[in-house]
Protein chains: 2
Amino acid sequence: MGTTASRDSGQPRYLQIADDLAQQIRAGVLKPGEKVPSESELMTRYSVSQGTARKAVAELRPTGLIDTLHGKGSFVKSQPPVRRKSSDRFRRSHRRAGKAAYIAETEQAGKKPGVTVLYIGPVEAADEIAERLDVPAGTKVLARRRLYFSDGTPTEEATSYLPWDIAKDIPELFEENPGGGGIYARLEENGHVLKEFVETVRARLATKQETGALSLSPGSPVIHLTRSAETEAGRIVEVCDTIMAADQFVLDYRIPAGD
Amino acid sequence: MGTTASRDSGQPRYLQIADDLAQQIRAGVLKPGEKVPSESELMTRYSVSQGTARKAVAELRPTGLIDTLHGKGSFVKSQPPVRRKSSDRFRRSHRRAGKAAYIAETEQAGKKPGVTVLYIGPVEAADEIAERLDVPAGTKVLARRRLYFSDGTPTEEATSYLPWDIAKDIPELFEENPGGGGIYARLEENGHVLKEFVETVRARLATKQETGALSLSPGSPVIHLTRSAETEAGRIVEVCDTIMAADQFVLDYRIPAGD
DNA sequence: GAGTGGTCTAGACCACCCC
DNA sequence: GGGTGGTCTAGACCACTCG
């Protein structure tokens, strides 16, 4: 029978319980950071077995409402305000402003930004990267792999690849901090005037590797963004792969209607 | 013990089995359309209980590798080729070509396009829509809700909203087929010259409503695209909400680097 | 009816966290 | 240690599909 709100709606019991909990969270009865009733508590409260109680909270997890810590319990997630990534961030004027894009974005969201450099150095271009960079597969390219944080939690992992013949002459590209305006400013200073970026957006479920790196729950969706930077001379001088927790980001694009 | 490939890697048994199956699918041992071993078959093959066999195939489902039909079994999905949505599709020249965007896109992917109109008519603008259209909440607006198919399977649900004072003078907007170039062509013919579109991309897990409408498995990610169309006169003449199965689409955007 | 997936139970054991 | 989630079993019953 269950003590609370167990309208017998033909729904499986575990879904009823999951809905109950979801409603309590959305209604604010269970506030962010608070502990969700434990499995044994749910077992007695709804008089079900452990398996059913488990399925209920398992149902809740992929919705992003809760977070489960082995040995501690499940907790209501504090939904962090969504961060916006605008296509405007690539305007030359923004670049000249000096601040790297992610710092401005994060501070604007009222969060403390952070970056960890995971790797900067040469790698052999995998087939897909080579093709996008328009260099032969297996060629040496410069890779810059960073992990971005917001208030201490990782939100975004990005890897840039640059052709070695271009990168080798720009020492800042090998630094953890490439200086004001980021690597695009350095490229332009060195004669590679940018004409256009092409971004490609995909969404999919996180791989195990990604759930680890971004500390996501399994089954969480991610946004996979790939970008190519093309110069006035028609050369691709950088490609970038970015994985973002989908619930953390919104991407904005302005598209002129002309022609 | 298990009869097949049961490397004892500390991994839970159900994950080992899931990996086994996934590998067989990727290696082509199990081909698209073929039936995945049933639960009872897995029980004997790996000598586990039903619960464990279930968990194994449940693990496979959200990866998009299989599809489960109650009472029939699970089957290897045939991965439909990804469809591209390019920001170029809004160029005026493309509009004049006459074919509606989705038909061209779908045919290019070698699929048979299809549309069903779910609703065309007046609705009261919900708060969010009203804000985006820059009209008072509750105002009457024209809604156009369509479901798009590719080879008979629904892939995309889109709803356009237009201010009533603009829509009422353009009879084609009330037709199922608004004619060559779509509604944007009709708007421009009627003096609403478009300047710019702003698209906003989100990704998240499908709601139950969406899994139904797009016949997705629960836990599938979707791309939520919202678009606003602004005229030279600075007026928002349309906003559009689109839900797409994430595994079916890739979005492309070109971003000029200038200024 | 035989075969399939979907739900549920009762009880067991393990791994992790914290006092 | 006691509390928590994570895995697994054995057996039951139901709902759906197909011949």
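Chain letters run A, B, ... following the sequence lines, proteins first, then strands; residues in each count from 1.
Look at Ser38(B) and you won't find any side-chain N or O under 4.0 angstrom from OP1 or OP2 of dG3(C). In this model, the phosphate group of dT4(D) is approached by a side-chain N or O of Ser40(A) to a distance below 4.0 Å at OP1 or OP2. Applying the 4.0 Å criterion to OP1 and OP2 of dT4(D), one finds that Ser74(A) has every side-chain N and O outside that range. Within the 4.0 Å cut-off from OP1 or OP2 of dG6(C), at least one side-chain nitrogen or oxygen of Arg54(B) is found. The side chain of Tyr14(A) contributes an N or O atom lying less than 4.0 Å from OP1 or OP2 of dT7(C).
Look at CG on Asp67(A): it is 18 Å from P on dT4(D), rounded to the nearest Å. Here dC8(C) presents its P atom at 15 Å from CD of Glu39(B), a figure rounded to the nearest Å. Rounded to an integer number of Å, the gap from CG of Leu42(B) to C1' of dT9(D) is 16 Å. In this structure, Phe75(B) places its CZ atom 12 Å from P of dT17(D), rounding to the nearest Å. Atom pair Glu41(A):CD and dG5(D):P shows a separation of 9 Å (rounding to whole Å applied). Separating the CG atom of Leu15(A) from the C1' atom of dT7(C) is a distance of 10 Å, rounded to the nearest angstrom. Rounded to whole Å, the distance from NZ on Lys55(B) to C1' on dG6(D) is 7 Å. Note: OH (Tyr46(B)) to C1' (dC8(D)) measures 17 Å, nearest angstrom.
Here CD of Glu199(B) is found 8.0 Å from OG1 of Thr242(B). Values are rounded to the nearest 0.5 Å. Atoms CG and OG1, from Leu251(B) and Thr200(A) in turn, are 9.0 Å apart once rounded to the nearest 0.5 Å. One finds the CD1 atom of Ile25(A) at 5.0 Å from the CG atom of Leu65(A) (value rounded to the nearest 0.5 Å). Rounding to the nearest 0.5 Å gives a distance of 12.0 Å between CD1 of Ile243(B) and CG of Leu147(B).
Using a cutoff of 4.0 Å between basic side-chain nitrogens and carboxylate oxygens, Lys55(B) and Glu59(B) are not scored as salt-bridged. In this structure, Asp20(B) does not pair ionically with Arg45(B), as no charged nitrogen and carboxylate oxygen lie closer than 4.0 Å.
Distances from the side chain of Arg61(A) to the nucleotides dG6(C), dC8(D), dG6(D) place dG6(D) closest. Listed nucleotides: dG5(C), dT4(D), dC8(D). Nearest to the side chain of Thr52(B): dC8(D).
Each end of the helix from dG1(C)-dC18(D) to dC18(C)-dG1(D) gets its own rotation axis from five pairs of C1' atoms, and the angle between them is 10° to the nearest 10 degrees.
When heavy atoms are screened at a 4.0 angstrom cut-off, Val48(B) is found touching the sugar-phosphate backbone but no base atom.
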Using a 3.5 Å cut-off and no angle test, enumerate the donor-acceptor pairs between side-chain atoms of residues 29-37 of chain B and protein atoms at least two apart in sequence or in another chain.
from, atom 1, to, atom 2, distance (Å)
Lys31(B), NZ, Gly28(B), O, 3.2
Glu34(B), OE1, Lys31(B), N, 3.4

Next item on the list: Can you check each nucleotide of nucleotides 11-19 of chain C against protein heavy atoms at under 4.0 Å and return B for base, S for sugar-phosphate only, - for none, in 5' to 3' order?
Entry: -B--BBSS-

Next item on the list: Walk me through it: do Gln11(B) and Gln16(B) pass the test side chain to side chain donor-acceptor pair (under 3.5 Å)?
Entry: CA-CA 6 Å; Gln11(B) 285 258 90; Gln16(B) 293 177 28; over 6 Å; no

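When side chains are defined from C-beta on, Arg227(B) counts as touching Glu238(B), because their heavy atoms get closer than 4.5 Å.
Here the side chain of Tyr119(A) pairs a donor or acceptor atom with the backbone of Pro122(A) at under 3.5 angstrom.
Two residues, Pro37(A) and Ala53(B), neighbour DNA chain D, and the one matched to the more 5' nucleotide by heavy-atom proximity is Pro37(A).
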